[in-house]
Every structure is written in C-alpha cells, then in structure tokens.
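Please read these numbers as outputs of a predicted model, since none were measured by experiment. Below, chains carry the letters A, B, ... as their sequence lines are ordered, and counting in each starts from 1.
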Number of protein chains: 2
Amino acid sequence: MFSIGELSKRTKVKVPTIRYYEEMGLLAEAERTSGNQRRYDKTGLERLSFIRHARDLGFSIEAISSLIELQEHPDRSCETATDIAVSQLADVREKIKRLKLLEKELIRISKGCDGQGISEDCYVLASLADHELCSREH
Amino acid sequence: MFSIGELSKRTKVKVPTIRYYEEMGLLAEAERTSGNQRRYDKTGLERLSFIRHARDLGFSIEAISSLIELQEHPDRSCETATDIAVSQLADVREKIKRLKLLEKELIRISKGCDGQGISEDCYVLASLADHELCSREH
DNA sequence: TCTTGAACCTCTAGTCACTAGAGATTGTAG
DNA sequence: CTACAATCTCTAGTGACTAGAGGTTCAAGA
C-alpha cells in the first residue's frame with residue numbers, strides 16, 4: 001500500500017488530478033488510513049495508468065468512464081470500445097485537417113512582414129483586418 | 001447604425017460572444033440607444049471582423065488584444081505583431097505534430113479490434129491498459 | 001396610436017479538465 | 001519527541017464561450 005504522492009510519482013499524474021479523477025468517478029474511492037489519508041495498491045495503479053494513457057490519447061473523461069465500465073464487464077460486447085476509439089480517431093483527423101489549413105495561412109501571413117516596419121504597413125495586421133487577403137477558406 | 005443582432009449576422013459571431021468580447025475589452029463599449037441597446041457602425045464591424053478572423057486562426061484573446069493595440073498605433077514598430085504570428089505558427093505546428101502521433105496510435109489501436117468480440121479480448125482496452133503495446137512515444 | 005412579439009438587456013451559472021491556494025491535520029525520519 | 005514534508009478538504013480561477021432566467025425595448029402591422 002502506498003500514498004497518493006507515491007502513486008503520483010509512479011504514474012506521472014499530479015496529486016490534485018488523482019483526487020479529481022476520484023471525484024469524477026474514474027477511480028474508485030481509495031482506502032484510507034486511520035488519519036484519513038488515501039492508500040493505493042496495484043489495482044489503483046493499473047487503473048490510473050489506464051486513465052492516463054487514455055487521456056494522453058485525447059479521450060474525454062466521459063469516454064474513459066465508458067471504457068472503464070466495459071473493462072469491468074469482461075463478458076460484454078466490446079463494440080462500444082471500438083466505437084469510441086474510432087470516433088476519437090475521426091476527431092483527431094478533423095483537428096489535424098483544420099490545423100493544417102491554419103498552418104498554411106499563418107505561414108503566408110508571417111512571411112508577409114519581417115517585423116522591421118511600422119504597424120501601419122504591417123502585412124500581418126492587414127491580413128487579419130481583411131479576409132480577402134487569405135488564399136483559401138480556413 | 002445597426003443593432004447587435006445585425007452585427008452578429010454580418011460577422012457570424014454570436015450575440016453573447018460579441019457582448020463577451022466587449023467585456024474582455026476587445027471591442028470598445030458600443031454606443032447605446034435611449035433604451036440602452038447597443039448600436040454599431042462600420043468601425044465596430046471592422047473591428048469585430050478582425051477579431052473573428054484572428055480567433056479563426058487560433059489566436060488567444062490576449063494575443064488579439066495586443067494586435068489590436070498595435071493596430072491603433074499605426075506609427076509603432078510591428079515587431080510584436082510578427083512575433084505573435086510566428087509564435088502562433090509554432091504553436092499550431094506543435095499541435096499538428098502531437099496529433100499525428102495520436103493518429104498513428106489510434107489507427108493501430110482501432111485496427112486491433114473489430115468490435116465483434118467481448119470486452120475481455122478487446123485489443124482497444126488491452127492497449128489502453130498496457131502502454132507497452134504502443135509502438136512509440138505519444 | 002396601439003399592440004404584439006422578436007430582439008434586446010443584465011446577471012448568474014455551467015462547460016472541460018484541471019490548477020492554485022488557504023488553512024488544518026497526519027505521517028515519518030532523525 | 002520534534003520538525004516538517006505530505007496529506008487533507010474546500011473554494012475559486014483558467015479560457016472562451018454557452019445557456020437560461022427574468023425583465024425591457026424596438027419596430028412592423030392593424
């Protein structure tokens with residue numbers, strides 16, 4: 001059995017974040033010492049690793065909740081799990097697409113001014129003021 | 001002179017968002033009718049277009065504040081403006097990089113399970129539980 | 001001129017996933 | 001036994017809005 005600080009070190013999840021996950025119902029309520037401090041074991045460690053990994057991949061707390069529920073019912077169909085993963089993938093792809101358009105536009109804008117002139121002549125500011133200067137939708 | 005609803009229509013920025021921008025100091029306080037309703041003119045329209053365009057490109061409210069201040073002093077050096085644009089570009093590129101790693105990992109994970117089996121055997125859940133299954137850092 | 005109802009007003013609270021800080025208590029090494 | 005680091009709970013703040021309550025104003029049609 002180890003403390004929340006130890007769990008934090010091992011999983012690289014900050015202490016307040018661990019407490020937050022507990023409050024959100026992602027982590028079961030931890031056992032307590034007589035002095036009311038949380039104590040964890042291997043199960044808690046595994047669960048938190050799962051959560052951290054999923055968060056790193058951008059899954060929402062809500063999605064992780066569903067995934068954990070599934071994990072706790074090994075006999076259930078895992079269709080929901082794959083659905084969640086696929087939809088997360090779609091989400092990520094959508095974001096990449098959008099960011100690439102932004103990148104293109106920002107490159108163009110940045111190139112237009114070297115920062116040596118005055119505000120009045122600045123292509124960055126002009127571009128923002130006038131959408132017509134943009135090369136495409138973004 | 002036109003109403004906040006009209007401004008909203010023309011800029012495609014929602015009414016509460018316009019009020020929010022005013023509160024944040026991005027938009028000057030609008031003139032009011034005798035009945036306390038906001039009225040805008042061309043200047044307000046241009047300013048809000050600028051803000052919307054910058055937001056679309058992912059600039060923060062704070063960054064936009066700086067850009068607007070510069071815009072209002074046409075004689076000042078525009079170095080800050082280009083700095084902001086360049087740093088926004090770096091930011092976008094960083095995000096793309098990270099999302100591409102996530103994409104790769106999510107593709108791998110999604111492919112591992114067709115959702116037809118049971119939770120116990122699900123590769124999606126197994127992958128999340130065990131980081132070792134990941135092909136690289138993400 | 002009057003009436004209706006859409007649009008407007010302010011204010012508070014909620015979103016997401018944490019983060020920060022106050023003030024009090026507990027655990028542990030020396 | 002004493003320090004003091006770590007823990008506890010609780011509240012509030014972050015960014016950029018969004019939602020809703022409860023009340024007022026504007027403008028078009030009768």
Side-chain angles (χ1 to χ4, degrees), chain A residues 1-27 29-40 44 47-48 50-68 84 87-88 91-92 95 98-99 102, chain B residues 1-27 29-40 44 47-48 50-68 84 87-88 91-92 95 98-99 102:
Chain A
M1 302 289 279
F2 41 87
S3 70
I4 196 169
E6 181 64 26
L7 182 64
S8 168
K9 248 182 234 158
R10 292 203 205 174
T11 55
K12 274 148 207 155
V13 176
K14 287 180 191 157
V15 169
T17 305
I18 296 173
R19 290 198 275 250
Y20 170 74
Y21 288 158
E22 182 183 307
E23 200 184 13
M24 291 299 102
L26 288 192
L27 283 173
E29 293 199 10
E31 280 182 54
R32 303 287 184 132
T33 64
S34 58
N36 201 35
Q37 298 195 358
R38 291 169 179 83
R39 286 297 112 109
Y40 297 91
R47 168 69 68 89
L48 186 53
F50 181 98
I51 295 169
R52 167 153 160 78
H53 195 181
R55 283 294 302 134
D56 281 351
L57 287 165
F59 290 92
S60 70
I61 298 287
E62 205 193 333
I64 296 174
S65 255
S66 307
L67 291 171
I68 285 175
I84 289 173
S87 117
Q88 175 62 15
D91 220 70
V92 165
K95 279 183 184 146
R98 176 168 156 69
L99 284 170
L102 297 197
Chain B
M1 302 290 280
F2 41 87
S3 70
I4 196 168
E6 181 63 26
L7 181 64
S8 169
K9 246 183 237 159
R10 292 205 206 174
T11 56
K12 274 148 207 153
V13 175
K14 287 178 191 159
V15 168
T17 305
I18 296 173
R19 291 198 274 250
Y20 170 73
Y21 288 159
E22 182 183 307
E23 201 184 13
M24 293 298 103
L26 288 191
L27 282 173
E29 292 199 12
E31 280 181 56
R32 303 285 184 131
T33 63
S34 56
N36 200 34
Q37 299 196 356
R38 292 170 180 82
R39 285 299 111 109
Y40 298 90
R47 168 69 69 89
L48 185 55
F50 180 99
I51 295 168
R52 167 152 160 80
H53 195 181
R55 284 295 302 134
D56 281 351
L57 287 165
F59 289 93
S60 69
I61 298 287
E62 205 193 334
I64 297 173
S65 256
S66 307
L67 291 171
I68 284 175
I84 289 172
S87 116
Q88 175 62 15
D91 221 69
V92 165
K95 279 183 184 147
R98 177 167 155 68
L99 285 170
L102 297 196

So does B:Arg19 pair up with B:Glu23, basic N to acidic O under 4.0 Å?
no

Protein-nucleotide distance (A:Asp91, atom CG; C:dC16, atom P), rounded to Å
14 Å

Does OP1 or OP2 of C:dC8 have a side-chain N or O of B:Ser3 closer than 4.0 Å?
yes

What is the separation between atom CD on A:Glu29 and atom C1' on D:dC8, rounded to the nearest whole Å?
14 Å

Nearest to the side chain of A:Thr33, heavy atoms from C-beta on, is which of C:dC8, C:dT19, C:dG27?
C:dG27

Answer yes or no: does atom CD of B:Glu6 have more than 12 heavy-atom neighbours from other residues, nucleotides or ligands under 6.0 Å?
yes

Non-hydrogen side-chain atoms of B:Arg55 and B:Tyr21 separated by less than 4.5 Å
yes

Nearest-Å distance for atom pair CD/C1', residues A:Gln37 and D:dC4
13 Å

Which listed nucleotide (D:dC17, C:dT19, D:dC8) is nearest to the side chain of A:Arg38?
D:dC8

Atom-pair distance (CG on B:Leu26; C1' on D:dC17), nearest Å:
13 Å

So if I take every side-chain heavy atom of A:Arg39 and compare against C:dC18, D:dA16, C:dT28, which nucleotide ends up nearest?
C:dT28

Close side-chain approach of B:Ile51 and B:Ile68, heavy atoms under 4.5 Å
yes

Using whole Å, report how far CD1 of B:Ile64 lies from P of D:dC17.
8 Å

So what does A:Tyr21 touch, heavy atoms closer than 4.0 Å: a base, only the sugar-phosphate, or nothing?
sugar-phosphate

Can a side chain N or O of A:Arg19 be found less than 4.0 Å away from OP1 or OP2 on C:dC18?
no

Sub-4.5 Å side-chain heavy-atom contact between A:Arg39 and A:Ser3:
yes

Winner on side-chain proximity to B:Lys14, out of C:dC9, D:dT18, C:dC18, is D:dT18

Check whether any side-chain nitrogen or oxygen of B:Ser60 sits under 4.0 Å from OP1 or OP2 of D:dG15, and answer yes or no.
no

Check the distance between C:dT15's P and A:Ile61's CD1 and give it to me in whole angstrom.
14 Å

On DNA chain C, check which nucleotide each of A:Thr17 and A:Gly35 is closest to and give me the residue with the more 5' one.
A:Thr17

Both A:Ser34 and A:Pro16 contact DNA chain C. Taking the nearest nucleotide for each, which residue is further toward the 5' end?
A:Pro16

To the nearest angstrom, the CD-C1' distance between A:Glu22 and D:dC8 comes to 12 Å

Taking atom P of D:dG23 as reference, at what distance in whole Å does atom CG of B:Asn36 sit?
17 Å

